[in-house]
Structure formats: structure tokens, C-alpha cells
Amino acid sequence: MSMSQILSAIAALTLLANTAVGQTLTQFTKRSKVTQPVIIELYTSQGCSSCPPAETWLSVFLNETELWHRYFPLAFHVTYWDYLGWKDPYGQRKFSQRQYDHLNQTHIKQLYTPQFVINGVEWQGWFDKKLGDVLTPPKRPVGVLDVSISGNQLTARFSSLLSASAASRLHLALVGAGITTVVKHGENRHKSLKHDFTVLSFQTYDANKLSIDEFSGEVVLPSDLMKRSERLAWVAWIEQEGQAVQAVGDWLAPNNIH
């Protein structure tokens, strides 16, 4: 191994160590790029027999070098399939409501699972395995998002390059990866399901009254669900008129799980 290769390896390990130590549940700071990322929402359920292949596809982003820089996968577990005999432990009504909100804003034509919404637009190419250019859109400059969590308080600022007339909202999700559930009833009974990028908590913040580009508020943690994940990540993103425009995210140190 050459000296340059050794120095590169040391630099990579140092960066990894700094990331692992620096980002925690209660001490998190991240700045986005200026270009618009790809925010991938999957609406899914452990009670849906068609959903496991879609979640397996989403898990591929674990190996994506641009994860938390350009790509932000999020798996929202809905509750409307719970009546089939299995109550999804990761399902929340607010996740189902978010899917309904996409319908009401005409981002999607109907509700179903698995359903993908990418940057606020329904994407059905997954069913035919036709990615097209959905994951490689033009790098449009939209602005920079800064997010900081200290203790149980969040502060954020979006320095937008977009129209000032568009109202912004900030969303914050705690995401879990490396989750395994043995389903005992319903369409997936007797199956062991694996999940990554599962949304464990979801909060929304409106802009501060005195400054339309600043956000602040309390952070609430779902302590019971965090213990079931091998890895955790904070993901925050800005929406304008229901369209995702900018995001930040990062893995947290392993000792934040238990």
C-alpha cells in the first residue's frame, strides 16, 4: 500500500469516527447542499403481502454513497391494513394521514401500498423496475438548510433561493434501520420481515412568526421503538406547497439506541 493510500484510509476512518461521535439524539448539527435532493417516501405496512419486496428495494440505499447527501429514503408504515389481523408496531395514524394529505394535494391519484412518492410526486416505476431518471433529476439550486438539535430543542434555518411567497414547513423524522419483526398473523404470517429507513417518529414545525425562514420547537422521542433498531438517523426536510425541496440527515452514534 502506498503512502497516499494509507493517508486516504486514515482520513476516511477519521471522518467516520467524527461522524459517529458527533451526531447523537440530543446533539445533532447538519447543513445541506444547495441543490435539491431526492426524498423517497415509501408507504408500507407489515400487514400488506406486496410490501416486503418494496422495502427490500429501499434497503439498497444503505450502500449508496450519496445517502444523507442526495438520497433520503423514508418508510412510513400506515395503519389501515391493521384490520387484516396484524397490528403493525411501526404504524401510526399520522403516517396514514400524510399519505391522505398527498392525495388531497393531488400528488397521488389513489391510496395503496406499497406506494412511492418522490419529492412530492407519485412514482409507479418501481412495479416495472423502470427507474428512468427519477433518481437522477437535474441538480436544481434551491437553498441551504441548517438544522441543530440540542437537548430536546430543535432550531433550523432555510436560506431559500426559491420564491419568497411559498410558505415553508419543516419535518423531522427519527429513522430506524436493521429492524426485524416476526409476523404472527395476517397476510405475512410466519414471515420474518426486515426493515430499514423506518420512520419511528414524525414531527412538523411551522416557520417562526417573526422570521419565515427560521424554525424552532421541542423534539419528542419514541423510546420504546428506538430499542428495536440497530441504527438510528435524524432526517429533516423542508416542504413548500407540499413539495419536498431540501433535506439533511445522518446516522447517530450506536450508543444512542439503548
Side-chain angles (χ1 to χ4, degrees), residues 22-41 43 66-74 76 92-108 116-123 134 137-175 197 199-222 233-250 252:
Q23 306 291 19
T24 71
L25 282 169
T26 57
Q27 295 295 327
F28 180 90
T29 302
K30 195 76 174 183
R31 166 173 281 194
S32 75
K33 296 181 177 180
V34 71
T35 52
Q36 184 176 21
V38 181
I39 301 172
I40 306 160
E41 300 177 48
Y43 291 89
E66 286 293 296
L67 176 66
W68 308 142
H69 298 286
R70 191 177 192 198
Y71 299 110
F72 295 82
L74 300 160
F76 290 94
Q92 296 187 33
R93 289 185 178 181
K94 66 171 64 176
F95 301 164
S96 301
Q97 183 59 54
R98 180 168 174 81
Q99 191 181 21
Y100 275 103
D101 290 343
H102 279 307
L103 179 65
N104 293 333
Q105 294 169 333
T106 66
H107 299 164
I108 60 178
F116 285 94
V117 179
I118 299 181
N119 286 3
V121 179
E122 182 178 10
W123 176 60
V134 69
K139 294 185 177 181
R140 180 171 68 112
V142 295
V144 174
L145 174 62
D146 289 284
V147 174
S148 177
I149 297 173
S150 181
N152 68 341
Q153 294 297 312
L154 171 143
T155 57
R157 180 182 179 89
F158 180 47
S159 302
S160 178
L161 299 177
L162 304 174
S163 171
S165 62
S168 298
R169 304 187 83 188
L170 178 73
H171 299 291
L172 176 70
L174 183 65
V175 172
F197 307 112
V199 177
L200 306 178
S201 70
F202 177 61
Q203 296 172 250
T204 299
Y205 306 84
D206 290 318
N208 295 340
K209 293 181 180 180
L210 299 179
S211 179
I212 62 173
D213 58 358
E214 294 183 351
F215 305 82
S216 60
E218 184 178 1
V219 176
V220 180
L221 299 176
W234 278 125
V235 180
W237 67 101
I238 285 284
E239 288 183 1
Q240 290 186 345
E241 299 179 345
Q243 300 286 327
V245 294
Q246 191 55 277
V248 298
D250 210 348
L252 308 183

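Treat the numbers as computed from the prediction; the structure is a model and nothing was measured.
Not one N or O on the side chain of Gln36 forms a donor-acceptor pair closer than 3.5 Å with the backbone of Pro138. Checked by atom type and distance alone, the side chain of Trp234 never pairs as donor or acceptor with a backbone atom of Asp250 at under 3.5 Å. For the pair Gln23 (side chain) and Thr29 (backbone), a donor-acceptor distance under 3.5 Å is present. When atom types are taken as modelled, the side chain of Gln246 and the backbone of Lys33 share a donor-acceptor pair closer than 3.5 angstrom. The main-chain N or O of Glu218 is found under 3.5 Å from a side-chain atom of Gln203 such that the two form a donor-acceptor pair.
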Next on the checklist: With side chain to side chain contact (heavy atoms under 4.5 Å, CB included) as the criterion, how do Tyr205 and Val219 come out once you've worked through the C-alpha distance, each side chain's angles and the decisive distance to 0.1 Å?
Outcome noted: CA-CA 10 Å; Tyr205 306 84; Val219 176; 3.8 Å; yes
Item to check | Working for side-chain hydrogen bond (donor to acceptor under 3.5 Å, both in side chains), residues Ser216 and Asn208 | outcome: CA-CA 7 Å; Ser216 60; Asn208 295 340; 3.3 Å; yes
Checklist entry - Is there a side chain to side chain contact (heavy atoms under 4.5 Å, CB included) between Ser168 and Phe215 once you walk through the steps? => result CA-CA 10 Å; Ser168 298; Phe215 305 82; 3.9 Å; yes
Next on the checklist: Please determine whether side chain to side chain contact (heavy atoms under 4.5 Å, CB included) holds for the pair Ile40 and Phe197, giving the CA-CA distance in whole Å, both sets of side-chain angles, and the decisive distance to 0.1 Å.
Outcome noted: CA-CA 10 Å; Ile40 306 160; Phe197 307 112; over 6 Å; no
Checklist entry - Passes side chain to side chain contact (heavy atoms under 4.5 Å, CB included), Val117 versus Gln99? Steps please. => result CA-CA 9 Å; Val117 179; Gln99 191 181 21; over 6 Å; no
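Rounding to the nearest 0.5 Å gives a distance of 9.0 Å between CD of Glu214 and OG of Ser159. To the nearest 0.5 Å, atoms CD (Gln27) and CD1 (Ile149) are separated by 9.5 Å. Atom OG1 of Thr26 and atom CG of Leu221 lie 8.5 Å apart (nearest 0.5 Å). One finds the CD1 atom of Ile108 at 7.5 Å from the OH atom of Tyr43 (value rounded to the nearest 0.5 Å). To the nearest 0.5 Å, atom CG of residue Leu252 and atom OG1 of residue Thr24 are 7.0 Å apart. Expressed to the nearest 0.5 Å, how far CZ of Phe72 lies from CD of Glu66 amounts to 9.5 Å.
Side-chain contact between Ser148 and Arg157 is absent, with no heavy atoms from C-beta onward closer than 4.5 Å. No side-chain heavy atom of Ser201 sits under 4.5 Å from any side-chain heavy atom of Val220. A 4.5 Å side-chain heavy-atom check between Pro37 and Val248 finds every atom pair outside the cut-off.
Remark: Asn104 pairs with Asp101 by the side-chain contact (heavy atoms from CB on, under 4.5 Å) rule, at least two apart or across chains.
Of the candidates Gln97, Glu122, His107, His102 forms a side chain to side chain contact (heavy atoms under 4.5 Å, CB included) with just one, namely His107. Considering Leu161, Val142, Leu145 in turn, Leu161 is the only one that fulfils the side chain to side chain contact (heavy atoms under 4.5 Å, CB included) rule with Val34.
Between Lys30 and Gly249, the shortest heavy-atom contact is CE-O, 3.4 Å. Of all the heavy atoms in Gly143 and Ser32, the pair that sits closest is O-OG, 4.0 Å.
Here salt bridge (Lys or Arg N to Asp or Glu O under 4.0 Å) pairs that include residues 139-148, with residues two or more places apart or in two chains, are Arg31-Asp146.
Ring geometry for His171 against Phe202 counts as parallel: the plane angle stays under 30°, on a 0 to 90° scale with 60° as the upper cut.
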